[in-house]
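Notes for the one structure printed next.
Keep in mind that what you see is a predicted model, and the values were worked out from it rather than measured.
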Amino acid sequence: MPKSTRQSQRTITHWLMKTEPDVFSIFDLEAAPNRSTCWDGVRNYQARNFMRDQMRVGDPILVYHSNAQPSCVVGVAHVSAAAYPDHTAFDPQDPHYDPKSKLESPTWFMVDIQLDWIFEVSLSLEMLRSVAGLEKMELLRKGSRLSVQPVSKGEFQTIVKRGGKRA
DNA sequence: GCCAACGTTGGC
DNA sequence: GCCAACGTTGGC
């Protein structure tokens, strides 16, 4: 997409973001200053484009624990800062270092997210597969690997309703 | 640990 | 531009 039209028509307003709880869990997010963090380390172009070109401050996010036992949607956050360059790509010591990302023309971007609430009930993939209205959800597609992905408003509301709010 | 499904790389 | 080889993600 040409730069001039990158941000023209916005079609997505709700999101799901994956994190491995062994690396950074929703409880780490809860414990972070201001219950917020920069979402660094995304190294996939489609996911980057979503963050850079579509996400806006305030957009709601489902937080998903991948590589967990079982993997679950665990709570709700929102975008608290729009996309800016991911500095971890510039640092040779960082595991997410990428030499092709230059200070003057960064390849990788990140947003900040802030926790809203943790679900009373974690929602596993197995459970979500049985919920009416989620048949087309990207997360439930076989082979789905996108770490930042769109969620429809309906899907979002259905999931939030099931999750409840932890006391 | 296995392996399917993807994304990226690089030879041609 | 094609595509085989390779690396990664992530459920199970």
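- Following rounding to the nearest Å, A/Tyr45 (OH) and C/dT8 (C1') show an atom-to-atom distance of 15 Å.
- Remark: A/Gln149 pairs with no residue by the side chain to side chain donor-acceptor pair (under 3.5 Å) rule, at least two apart or across chains.
- The separation between A/Met17 atom CE and C/dT9 atom P is 16 Å, rounded to whole Å.
- Within the structure, every side-chain polar atom (N or O) of A/Arg141 is placed at least 4.0 Å from both OP1 and OP2 of B/dA4.
- Side-chain contact check for A/Arg56 versus A/Val79: every heavy-atom pair is 4.5 Å or farther apart.
- Separation of the A/Tyr84 and A/Trp108 ring centroids does not fall under the 6.0 Å cut-off.
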Check the interface with nucleotides 10-12 of chain C: list each N/O to N/O pair with the protein under 3.5 Å, or write none.
from, atom 1, to, atom 2, distance (Å)
C/dG10, OP1, A/Lys18, NZ, 3.0
C/dG10, OP1, A/Arg145, O, 2.9
C/dG11, OP1, A/Tyr64, OH, 2.4
C/dG11, OP2, A/Asn67, N, 3.0
C/dG11, OP2, A/Ser71, OG, 2.7

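- With hydrogens and angles ignored, the 3.5 Å screen pairs a side-chain donor or acceptor of A/His65 with a backbone N or O of A/Ile26.
- For residues 140-154 of chain A, the set of pairs meeting the salt bridge (charged side-chain N to carboxylate O under 4.0 Å, His left out) definition, not counting sequence neighbours, comprises A/Glu138-A/Arg141.
- In the model, A/Thr88 has a side-chain atom that pairs as donor or acceptor with a side-chain atom of A/Arg43 under 3.5 Å.
- Here the P atom of nucleotide B/dT9 and the CG atom of A/Asn44 are 12 Å apart, to the nearest Å.
- Rounded to whole Å, atom P of B/dG7 lies 14 Å from atom CZ of A/Arg48.
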